[in-house]
Structure formats: C-alpha cells, structure tokens
There are 2 protein chains.
Amino acid sequence: MSRGSEPDAGTTGGTKQTYVEDLKDHAGETVTLRGWVYNLRSSGKIAFLILRDGTGRTQCVLSKKEIGDEAFESARALTQESSVSVTGAVNLDDRAPGGAEIHVESFEVHQLAYDYPITPKEHGSSFLLDHRHLWIRSSRQHATLRVRAEVIRALQEFFDERGYLRVDSPILTSNACEGTSTLFETDYFGEPAYLTQSGQLYAEASAMAFGKVYCYGPTFRAEKSKTRRHLTEFWMVEPEVAYMRLEELLGLAEEFVTHIVRSVLERRRAELETLERDISKLEVIEPPFPRIRYDEAVKIAQAGGSEMPYGEDFGAPEETLISEGFEKPVLVTHFPRSVKAFYMAADPENPELALCVDMLAPEGYGEIVGGSEREADHDVLRERMRQHDIDPATMPWYLDLRKYGTVPHSGFGLGVERVVTWLCGIHHLRETIPFPRLLNRIRP
Amino acid sequence: MSRGSEPDAGTTGGTKQTYVEDLKDHAGETVTLRGWVYNLRSSGKIAFLILRDGTGRTQCVLSKKEIGDEAFESARALTQESSVSVTGAVNLDDRAPGGAEIHVESFEVHQLAYDYPITPKEHGSSFLLDHRHLWIRSSRQHATLRVRAEVIRALQEFFDERGYLRVDSPILTSNACEGTSTLFETDYFGEPAYLTQSGQLYAEASAMAFGKVYCYGPTFRAEKSKTRRHLTEFWMVEPEVAYMRLEELLGLAEEFVTHIVRSVLERRRAELETLERDISKLEVIEPPFPRIRYDEAVKIAQAGGSEMPYGEDFGAPEETLISEGFEKPVLVTHFPRSVKAFYMAADPENPELALCVDMLAPEGYGEIVGGSEREADHDVLRERMRQHDIDPATMPWYLDLRKYGTVPHSGFGLGVERVVTWLCGIHHLRETIPFPRLLNRIRP
C-alpha cells in the first residue's frame, strides 16, 4: 500500500490515464484507469472489480494466473472506496456495464479505505446529509448532480445563443426591499448588508444598458420553513428584456424550459434511467404550453378539493391540483396584484390584476418559473413601493431606471433546483444541489 | 410623449423588433428598432439620431420632408437616453458606424429623459460609481462587460468540452479556516456562518466523486485594503482533478488561459478596439508559457530593484517586475511552503517548498491563477492544519477525503475580474464587474 502523496501514484505502468467514459475509443488497447473501488467479488482464481473513476464504472477482471498470487491476494483485500490504478486491455462487450471490460495486467493501490461509512444498507437522511461529501459518490446522487450540471450548461447556452448578455447581479446588496425577516444579514464595514434573494432589480438596470440580459447565480432565503421544497441557498437564472411584453415572455419561458428538457434528454438519458425516471413524461414537453388565468386556476384547485378562496396565492397543494390536469407545464397568468411583488405591472384592462406568470411543472413538482412585466412608470412605481412599506429613498437607482428612458420590460426567474427535482423525478430539493443548505444545516 | 407603461409602446408600426446587431441580415427591409437616444444632431431639414439598443449603435436619418414638420420637431427635441422606437428601411453602408443606416419612416417616443446625469464631459470615479446603474450604458463600460460575459462563456465551455463536471461549491460555510478577519459573517439560525473565500475545499470533495470537476461562482473577501486590485465580491472558476500532478496542472492552466484569450479575440474584437487595447499583445498568447521557480523569480525582482528578501510572497511591484521580462503569462512554481496555504503538498525533493503555481499576467496585470497539488496524506494534512492554527475538528469532512480513498490531486483558481482587467487593458478591477463591491461601497 503506497501513500497517496507519493509521486509514483500518477505514473502506473507509464501509461497515460484514460477515463471510463472514453473506453469505447480504446478497443484492444492497454490503458490505465485511476479511480476507486465500487464493488469487488472474487472466487479463488478470479476477481471482478468494479472501478469508478467519476466519469463512469467499469468491470476489471483480475486473474490469479495472470497477475500472480501475491497481487491477487492484495486485490482481494481491496475495500469499498479504496483508491486504485489499474492497467489492462480494453475488451468491448455490450453485455458489460458501460460496454467495456478491462483485463487487468497490473494495478496499484494508493490507499486502502477502512470502514467507509456509506454501505449498501439503508441509511437515514440525516446520516446521509452529514456525510454529503461522501454521499455524492453514490450512483443516484451522482446521476442527479450530472443532470444538474447539464441543466446549468443548457440554460446558459440558450441565452448565449440568442444574444442575451450575461450580466451578473451582485450578491451583497444594501436593499432589504422584501423585509429583513427572510434575509441573511452581514456587517459590511460598519453598515448592514444582505445576501440577495433575486438578481432581478439589477438585471432591470442591465437590460436598459444591454437590451437582453440574464444573470445566473446563487440566491438566499433565510426561511424558517423545513419543507422538501425549501433551500436557504439556491441558484436562479433570471432573464430580463427591454421592450418585452407578457405575451412574448410566455413564449420565451416555454421555449427555454423546452430547451432544458431536451438537452437533458439528449445528454443525460443514462442518468435519468439510473434514477428510474419515467422518460415518456419528459418527452412530451414542447411548446405551446397551456395558458390559464389565475381565476381559472382557482376554480380548478377548488374543484379538486382546495378550500383556498379567490385572492390568495397558491400553496403546494393547490399547485399540485392545478398541474394534475396537464401533461406539460402550465402557465398561470394574471394573479391579483395584492399577492404579488411591488414591481409587477398592472393589467391595463383590470388594474387589480398583475401582468405576471407562474409556470407550474407537471406531476405536482410545483412552481419552476415566476415572472412578469415590470412597472415602468416612475410615479406609479414609487406609489407601489410606499404601499409595500418600502422607502423609495433606499433604492434611488431603481427609480432612476424609470426617469432616464423608461421602457416596458419583462423578465422571469427559474429556480435550478426545482427544475432538477422535476426532471429527475425525486422527492426532495436537497438532493439536487451538491452541498445543500437547509434550516439548521450548514455542514459539511 | 407616451408613458412608458402604456401598452402601445411595444407595437410600433406593427413590425417585429429587430436588433442593431442583426441589421446586416435585413438589407432593404423595413424594420423596427427599439432603444435609447445615444446622440442627436440636426439641421433645419435633416436629423441624425444615433440609436443604441444594447446590442449596438446605428445611425437613423430623419428628414423633415418625409416625416412631416410636427414629427421632425419632436425628433429634434429628443434628449440623451430618451427611449424611442424607430421604423425605417435598412441601408447597408460600410461607411456608417456598424455598417448600416436607417431611413426613418416613423418613430415613437416612450419617454423623454431629462437631465441624464452622465454627459460627455469628464466625471470623477466616485460620481460614476454612484451612478453605476447608468454608467454601464457608456461605451467603454459596455465593451468591458461584454468582454467579461465572453470570458465567462469561454471558461465554462473549456471545462464542459473536456468532460469536467460543474459541481457548485456552497457560498455559505461553517468553516473559517483562514481566520475570520477577512470573512463576511452572518447569523445562520443561531450559529455563525461565513461567505466563502474559495470553493476549493468542496471542489476537492467533488473531484473524489466525479474525477474532474470545476466550480464557478462568487467569492468574498472582507479586505480593508483599497487598491485597484481588490474587490470584496468577485467571481472565481476553480477546476480540481483527481490524480493530477503539478506538471499536468501547469499544462491545463496554460491551455485554459489560451482558450479564454482566443475566444475573446475571436468574438469580442470590436470591444477590444473600442477599449483601444493593443491586440498584438494578446495575439502572442499560446502554449507553452514560460515556467520559472520562485527562487529565480525572486532574483528577477531583486535585479529589477525590489528589496523583497527570499522567503516572502510577492507584492504587486514584484509581480510587475517579474512579468516584465515575458510577453506571455509566466508560471512561477515552488514557493516556500511557509507563505502558502496549509493544504498545499510539499515538494518531495525539498519539503520546504510547495508544489504550487502562480500565473502572472503580462504587462504588470498581476496574478491571475493560483494553484497547487493538494496534500493527500491524512496525518500530514492534520499536522499542517495545526501549524496554521486550524482546529481539525472544525472540518472533519475535509480530512475524510484523506481517509476514504485518498489520491494525489491538484487544482487552481482563476479570478475572472483580474483576467478581464488584463484582456481589456484597463487600470482598475472595479470596471470589470457590473456592480462592484468595494471597501465602503455597496451601492447601487
């Protein structure tokens, strides 16, 4: 057993490292894989080692006859998550997991792992969250986080290809415009600052400079609720477009979500299969998405048994009832202004309603997009701020946007973890982010 | 003059909106542009309006004869940053800025802007920073932030294409491993939490799960220094690779930086020209980059006049002296361990030295990359933590990585704003991020 920090570990057999995901390009060649023991079973003469290297898993066959007694015995002593480099010939075989098998010529152990905490037996979620730094090596977590990475790649691709400029909104802000109760506060050289809950207000300033923009970054909510739909730290993408109206925004949102779904279906199908996701439910996602107004949505929820009265915002039970009737995400528009944020524009045909949209994912996965036209008139916006107990003097720059060439504009926010939860068909948001931050949980 | 929030603003002439950057595809067509007045000059019969729409600027020609007296007079009254939609025929003309000119048939004013604060005259930097939400409309800021967006796009593309998985490190952490003096602290449901200074430690956990990873996100440093090279909030990309050694890391870093430079040269050349950047200085950037050891670098600095003794870390003056002799970024390796972080691996040939690298940009732009092999041995790492006054009990998960299949591994961090500063050839980091956070500055 060699120590992990010894310099020879990287030069096994003098062969350049190959990754499992690339084995199909190396039929018949001798390659070196470097990774960890996922599983091992052996008889007296032959051992089957499943090696994972982070890009995939492959079976390595060790024969006592070929590698000798001593090496064979040390292979049989390998434990789960021991680190090992393996050199051998690649044998393409459709029946093998991943389509290839390695006939091992030599191997090197970097470290034997003792008592790896996560075993094939069932563990409680608290135990697993305590060991999140190791849990992410497990196949379901691995698959979920690979879907997440593809969602992030696809969402940026969508906007980059359409000429939207990525303009980062700041994380630290002086604004506490939705009240301080759900804000994380910090001392910023003697004055209070807050972690952003949304990049939108700054994205509006950016849209006036660049026309079409998006921001993508972490957002924070110090909510004391402990539900499967809440994280205190989560990632949002927020496009904002000058001169865009609600109708165009709905089209943008449905195209955007469709692009994400198709990218995942194309590039992460194996992971969805690992997660036993019913892929047929995702294959039907394409524009147009159904559009209903808030008042219709209330009737659907009430017909389904909800006692929510007209005029309130939907809770998770109502979202589930509303989405049940649709196989695609549903766009719910025209909520009462009273339940929505101060910056939303009023419907000129009925000023009690907001020109806004919530997109509800199918199968009860809840709201994945929220957006609106923004109030573009300086005086109306200032009055709305006062009604929401926001002192306009705290955000003069936001009002400036309505003084110097104001234009109608619209945008939305999409929560990455909610989309990943839906696409992966999993129960809890906390598995869709590498290191979840929850009520009372900030470790590891 | 119509109000910004009126619904007719989006439907001028019933024509779909075209963006300035797409005009070249619309020769001879009648299009509608929506944007803001950048400049206006007029005679008694003809007016030249430079319209900016966020994607570019184009000249719109208005003739009194064509649009009539009343409309012509209202066009002449347009002020800087007034919002306006313009409909007219596209005339491709190489002599025109942007290569096209609009012969205006009709236009609509959304809002006349009065007393726009940023005028062509010189403003002080404090005034401009106070008006950052408007300053980003100016052509130099516009160009700089478009370069920034391309750097971000390119850095993700580089790793995505090479099979690195994006795994986000958390922003809120319980670790205060580099001391709390430069950390922003917040109350996390009754216990202290800190804004991350680097995603590296978590990226190491991710690399053990996924082999090759990167994280990209905001990082924070509550430094009380007010220099042109400091921001309190800045963005970093941090790749981390299991089984990678320093030598390979150097190759990865130089390929990576080259990819970013070439992407910007290819896709943001016009912006570099706006910034009057000497592009020839960027065109020479290609592997291999020069490699020198710390001790040679000290001699270069001393020969250049620095009085820094061997054994200290470089300051900005030394970085400038060292980089002056090279036209490409220079890789400085093998610093004394005593000036570097606890997690860096020792050089087996001289344990007083770290297997680390700083990449210094040419032309005195300073350090843009810092990286190393990581200490892979559990006991050595624990001892190093103690030497740095870090209680190993505060990060059991980080030590776990050395217990369960430890492997040699390496990674680096690249600071986006420093790279943008270099590529754009500008003086101060604060112009390379949309809403800079500086000592005593958290607004807008």
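Proteins come first, then strands; the chains are lettered A, B, ... in the order of their sequence lines, and each starts at number 1. All figures in this text were calculated on a predicted structure; none of them were measured in a lab.
Between chain A and the options B:Thr186, B:Thr55, B:Asn440, heavy-atom pairs under 4.5 Å are most frequent for B:Thr186. The candidate from A:Thr173, A:Leu355, A:Asp130, A:Val167 with the greatest count of non-hydrogen atom pairs under 4.5 Å with chain B is A:Thr173. Among the candidates A:Arg146, A:Glu185, A:Met208, the residue making the largest number of heavy-atom pairs closer than 4.5 Å to chain B is A:Met208. Chain A forms the most heavy-atom pairs under 4.5 Å with one residue out of B:Thr232, B:Ile433, B:Asp187, and that residue is B:Thr232. Highest contact tally toward chain B, considering only A:Glu204, A:Arg437, A:Glu81, is held by A:Arg437 [criterion: heavy-atom pairs under 4.5 Å]. Note: A:Tyr19 leads A:Tyr398, A:Tyr116, A:Tyr19 in heavy-atom pairs under 4.5 Å with chain B. Chosen from A:Thr79, A:Leu165, A:Leu145, A:Ile171, the residue pairing most often with chain B at heavy-atom distances under 4.5 Å is A:Ile171. When the candidates A:Gly405, A:Gly211, A:Ala113, A:Pro396 are compared by the number of heavy-atom contacts under 4.5 Å with chain B, A:Gly405 comes out ahead. The greatest number of non-hydrogen atom pairs below 4.5 Å with chain A, out of B:His131, B:His378, B:Arg402, is found for B:Arg402.
Heavy atoms closer than 4.5 Å to chain B are found in the side chain of A:Val241, but not in its backbone. Looking at B:Arg267, neither its backbone nor its side chain comes within 4.5 Å of chain A, counting heavy atoms on both sides. Using a 4.5 Å cut-off between heavy atoms, A:Leu438 touches chain B through its backbone atoms (N, CA, C, O) alone. Contacts of B:Ala346 with chain A are absent, with no heavy-atom separation under 4.5 Å from either backbone or side chain. With a 4.5 Å cut-off on non-hydrogen atoms, B:Met244 does not touch chain A at all. Neither the backbone nor the side chain of B:Leu78 has a heavy atom closer than 4.5 Å to any heavy atom of chain A. Neither the backbone nor the side chain of B:Glu157 comes within contact range of chain A, judged by heavy atoms closer than 4.5 Å. Both the backbone and the side chain of B:Ser206 have a heavy atom closer than 4.5 Å to some heavy atom of chain A. Residue A:Asp115 touches chain B through its backbone alone, counting heavy-atom pairs closer than 4.5 Å. No part of B:Val37 comes within reach of chain A, as not one of its non-hydrogen atoms sits under 4.5 angstrom from that chain. Residue contact with chain A, scored on non-hydrogen atoms closer than 4.5 Å, involves the backbone and the side chain of B:Asp168 alike. For a residue to count as touching a neighbouring chain, one of its non-hydrogen atoms must lie under 4.5 Å from one of that chain's; by this rule B:Glu349 does not touch chain A. Residue B:Pro170 touches chain A through both its backbone and its side chain, counting heavy-atom pairs closer than 4.5 Å. With a threshold of 4.5 angstrom between heavy atoms, B:Trp135 does not approach chain A through any atom at all. The parts of B:Ile136 that come within reach of chain A are both its backbone and its side chain, each placing non-hydrogen atoms under 4.5 angstrom from that chain. Proximity to chain A is limited to the backbone of B:Asp53, based on heavy atoms less than 4.5 angstrom apart. Residue contact with chain A, scored on non-hydrogen atoms closer than 4.5 Å, is absent for B:Asp22. Interface residue A:Arg148: only side-chain heavy atoms are found under 4.5 Å from chain B.
For A:Arg443, the side-chain contact (heavy atoms from CB on, under 4.5 Å) partners are B:Ser174, B:Glu191, not counting sequence neighbours. Every residue meeting the side-chain contact (heavy atoms from CB on, under 4.5 Å) condition with B:Asp400, not counting sequence neighbours, appears here in chain and number order: A:His133, A:Leu134, B:Lys403, B:Tyr404.
Distance check: B:Thr406 OG1 to A:Gln111 CD gives 5.5 Å after rounding to the nearest 0.5 Å. We find the CG-CD1 distance between A:Leu172 and B:Ile442 to be 5.0 Å, quoted to the nearest 0.5 Å. The CZ atom of A:Phe220 lies 7.0 Å from the CG atom of B:Leu195; values are rounded to the nearest 0.5 Å. Atom-to-atom distance recorded for A:Ile152:CD1 and B:Tyr216:OH is 12.5 Å, nearest 0.5 angstrom.
Side-chain contact between A:Arg132 and B:Trp397 is absent, with no heavy atoms from C-beta onward closer than 4.5 Å. Side-chain contact between B:Arg153 and A:Gln156 is absent, with no heavy-atom pair separated by less than 4.5 Å.
Nearest heavy-atom pair across A:Gly163 and B:Glu21 is CA-OE2, 4.2 Å. Here the closest heavy-atom approach between residue A:Trp235 and residue B:Gly217 is recorded as CH2-CA, 4.2 Å. Nearest heavy-atom pair across A:Ala205 and B:Phe435 is CB-CZ, 4.1 Å. Closest heavy-atom contact between A:Arg52 and B:Ala209: NH1-O, 3.2 Å.
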Problem set entry | Stepwise side chain to side chain contact (heavy atoms under 4.5 Å, CB included) test for B:Trp36 and A:Val407 | CA-CA 9 Å; B:Trp36 296 266; A:Val407 299; 4.0 Å; yes
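Between B:Phe184 and A:Tyr188, the ring planes lie parallel to each other; the angle is under 30°, not in the 30° to 60° tilted range.
Judged by a 6.0 Å distance limit and a 45° cone about the ring axis, B:Lys224 is not positioned over the six-membered ring of A:Phe189.
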